[in-house]
Amino acid sequence: MNNVYEISPQIYWVGGNDRRIERFENMFPLPNGVAYNSYLITDEKTALLDTVDASISGLYLENITHVLGNRSLDYLVINHMEPDHCANIEEIVRRYPDVKVIGNKKTFQFFKQYYSLDISSNCLEVKDQEEISLGKHTLRFYMAPMVHWPEVMMTYEISKGILFSADAFGSFGAISGNLFADEVEYDSYFLDEARRYYTNIVGRFGRQVQAVLKKFADLPINMICSLHGLIWRGDKISYILEKYDKWSSYQPEKKGVVLAYGSMYGNTENVVNALAIKLAKKGIKDIRVYDVSKTHPSYIISDIFKYSNVVLASSTYNLQIYFPMDALLKELAVLNVSNRKVSLIGNHTWASAALKGMTEIVNSMDNFEIVGTPIDIKSTLRDEMVLDELAEAIYQSL
Ligand code: FEO
């Protein structure tokens, strides 16, 4: 059965959810599934904005047939050429052979790399800010390179002020009936997953996101339609724009401390738990403790984007940083995380390596300020005073 929603006169959401999927990009856990959004405009001309993942093709094609009825499809806009949105392009072209497929030079280059159907006679290449009229609605295309792929563009519908934003402003998590962010308690329901999505998928490209935010600063935007997650409208638009401004400029949202540890036998873990209690006794409320061997790094990274301070504690393993901690640090570096206050704790039994390794990586990162004196434990911590001093240094730095 079709499942569509008219989000504005003549503009329909024709997407769907996948709640069975375990991991996004086969990497990031999806405990609440994910939504693949696509939008269909039925003006004098018809235009479909992006397609969806192969996992929901059946419902998706039924949705389109339902909305179009006997009409043909005039345009298919490809804002993003990643397969979770492109799996149905070939089928759409087969069903509507006269459709004009709108993209840019890189869009069509990537299409040829992924798919084999010859769509050269369908391709309509557009440049930045080029417009196409559908009747009452007019689409204007904005290039948004590296948010988070090079071919990404966004489509702005002028008459209604609707921005079809590709992956930007999206989220992990399936949609449960309510399509709009203002219809749910977003902070408790979606925000953590929106942050985890942004920080892990787009986080590296803060500079490019800032460029896009500036590009749209003077445009009247009444609705933002992402390819994942809920639709933004009304007051919620400034809410998500402010979040994106913070995340993409690597500024913390809140004062708080994320403590991540890698511990084989519980000794490093014990020190971190003791430090967390000392911080709590000083009145710090936002404290998050994570075992890097247990919690997927995407959650830890998301909280490191959220909070001002980080404590990294790692055993030495084979004369290296404990491997899951090493992976977390490398991901943080790749994602260009900056402007954080970091405290370091190493542990070793006969040869110290973790603290040195962590210090080198942290020193290579932008605006990472080391707070307190790094502690290098020999198996277990005997001198509680050094932990008191570190807790005080973290408290004073907040
Ligand atoms: Fe949802 Fe970058 O694909």
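What's counted below: heavy atoms across the whole structure, side chains too, no hydrogens, waters or symmetry copies. Predicted model only: the values in this text are computed from it and were never measured. Note that ligands are numbered from 1 as they come in the structure, with each ligand's atoms numbered from 1 the same way.
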Reference residue Trp247; test ring-ring contact (aromatic ring centres under 6.0 Å, His included); the match among Phe169, Phe205, Tyr198: Tyr198
Test item: side-chain donor near acceptor, Asn88 and Ser57, under 3.5 Å: yes
Count of N, O or S atoms belonging to protein, less than 2.8 Å from atom 2 (Fe) of ligand 1: 4
Check: Tyr250/Asp366 side-chain N/O donor and acceptor closer than 3.5 Å: no
Side-chain hydrophobic cluster, 4.5 Å single linkage: members besides Val334: none
Ring pair (Phe, Tyr, Trp, His ring centres under 6.0 Å) involving Tyr265 - partner list, sequence neighbours excluded: none
Connected hydrophobic set around Tyr261, excluding itself, where side chains approach under 4.5 Å: Val257, Leu259, Val271, Val272, Leu275, Leu279, Ile284, Ile287, Val289, Val311, Ile345, Val371, Ile375, Ile377, Leu381, Val386, Leu387, Leu390, Ile394, Tyr395, Leu398
